[in-house]
Engineer: 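Following this message is one structure expressed as structure tokens.
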Amino acid sequence: MDRLRTQALSCWYLTGPTASGKTKAGVALARRLGAEIISLDSMAIYRDMDIGTAKPTEEELGGIPIHLIDIVDPSEEYSLARYIAAAHDKITEIHDRGKRVLFVGGTPLYLKGMLRGIFEGPPANKEFRAQLEEKMQGNPPELLHKMLKKADPESAKRLHPNDIRRIVRALEVYELTGQPISSFQKQFENGVPATDCNVYVLQWPRETLYARIDKRVDKMMYENFLDEVKRLTERKLPISQTARQALGYRELLDYLDGKMKFGQAVDLIKQNTRNFAKRQETWFRSFTECRFVSGENPKFDLDFEEVESSEVDSSFPATDDE
RNA sequence: GGGUCGGUAGCUCAGUUGGUAGAGCAACGGACUGAAAAUCCGUGUGUCGGCGGUUCGAUCCCGCCCCUGCCCA
């Protein structure tokens, strides 16, 4: 197991679907651990996007330091790889200060990237993607999948012909490295048992969760979420592709463009958020690392003595993949 | 009160010239490695308003009734 992954597994994690109460429980947990919080959230990294991302307020944090929020401008593109790199830097920094690290947030892909690592590959290449798009003009969409079949049959087998995004990425990696992406993508296969790490997932009955989501969206609208989005559109810089896909923002941007009525936009935010929460839960169920705790009454069963005496590094079972 | 359009899945609606029905959305399940709050895949859950009649067989045809919208009184 590589050093970065060992480092990541020495941290605590509190996750759960949207509106599951992560902030509140996270702050309380951070206090018990004497930890600083690193946000595990692909959208809270953006400045000026506060209400819609339910970014924790000073008041909610009650003095607990939080990292990796407000680190990029909404005009910037962000990515999994940027997050993983930034998070590792932060862990080192906080550990050097002699404090524990608690990740709090609900972006499952980032969680997985932390727990299992990501492969060292080339970043997204705009030119390549533009070229590919040009090549696809007038061609049936299955052509991409056929191209992948030639370059990387293993990935082609795993990817559905309609899964354009992943096919494009696989072709991109092959083009830029001469190696199939499937030859890189190995580390995700090895999960760690939940007892060997500290990953907690807040869980609610589905119906309750959906009701909480609806209520929270109403609260956001009451807090003038719309004004926040308007302010983003009034800036000189454009809103990046990654920032504009944030839940709530994209629907309100459509409303401001006259594409739908306000009430429809609000209903759609609720709907899309509920769908997202469901997808998050699918991720959590698939992770061997997760321990599920009641969202209503979170209990963490922390054993401080044991955690401290085990010196984390040596407590992990050896893996046979390296 | 008379006429008329309609009553089919949780919602909006197709459809069957008579052989017990299907789309979108929702719901549910799954995938996911540099866009991930994104993207993609899978699953139909139904006394076809009610009761009778005709028929080998009715959701479809006929009769009566109930409900809804519209028009006329």
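Residue numbers begin at 1 in each chain, while the letters A, B, ... track the order of the sequences.
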Engineer: Can you tell me if Arg206(A) touches the phosphate of C28(B), counting only side-chain N or O atoms and a distance under 4.0 Å to OP1 or OP2?
Structural biologist: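 So the side chain of Arg206(A) is within the cut-off, an N or O lying under 4.0 Å from OP1 or OP2 of C28(B).
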
Engineer: Looking only at atom C1', what distance separates G44(B) and G52(B), rounded to whole Å?
Structural biologist: 32 Å

Engineer: Categorize Tyr110(A) for me: base, sugar-phosphate, or nothing, with a 4.0 angstrom heavy-atom threshold over every strand shown.
Structural biologist: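 Here Tyr110(A) touches the backbone only, sparing every base.
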
Engineer: Please say whether more than 12 non-hydrogen atoms of neighbouring residues, nucleotides or ligands are located less than 6.0 Å from CD in Glu234(A).
Structural biologist: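 For Glu234(A), atom CD is crowded (more than 12 foreign heavy atoms under 6.0 Å).
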
Engineer: Side-chain N or O of Tyr210(A) versus OP1/OP2 of C28(B): is the shortest distance under 4.0 Å?
Structural biologist: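 Yes, such a contact exists.
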
Engineer: Taking only N and O in the side chain of Asn162(A), is any of them less than 4.0 Å away from OP1 or OP2 of C41(B)?
Structural biologist: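 Indeed, a polar side-chain atom of Asn162(A) lies that close.
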
Engineer: With a 6.0 Å cut-off on the ring centroids, do Tyr13(A) and Tyr200(A) count as close?
Structural biologist: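 Here the rings of Tyr200(A) and Tyr13(A) have centres that are no less than 6.0 Å from each other.
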
Engineer: Is any side-chain nitrogen or oxygen of Arg165(A) closer than 4.0 Å to OP1 or OP2 of G34(B)?
Structural biologist: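 False: Arg165(A) side-chain N/O out of range (4.0 Å or more) of G34(B) OP1/OP2.
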
Engineer: At under 4.0 Å, does any side-chain N or O of Ser79(A) touch on OP1 or OP2 of A35(B)?
Structural biologist: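 For A35(B), OP1/OP2 do not have a side-chain N/O of Ser79(A) under 4.0 Å.
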
Engineer: Taking C-beta and beyond as the side chain, do Asp218(A) and Lys270(A) meet within less than 4.5 Å on heavy atoms?
Structural biologist: yes

Engineer: Looking at every strand, decide which applies to Gly113(A) at a 4.0 Å heavy-atom threshold: base, sugar-phosphate, or nothing.
Structural biologist: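 Since no nucleic acid heavy atom lies under 4.0 Å of Gly113(A), the category is nothing.
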
Engineer: Have a look at Arg166(A) and say if it touches a base, only the backbone sugar-phosphate, or nothing, with a 4.0 Å heavy-atom cut-off.
Structural biologist: base

Engineer: Has Trp283(A) got its ring stacked on the base of C32(B), with centres under 5.5 Å and planes less than 30° apart?
Structural biologist: yes

Engineer: Taking 4.0 Å as the cut-off, does a side-chain nitrogen or oxygen of Gln271(A) come that near to OP1 or OP2 on A27(B)?
Structural biologist: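 Checking Gln271(A) against A27(B): at least one side-chain N or O falls below 4.0 Å of OP1 or OP2.
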
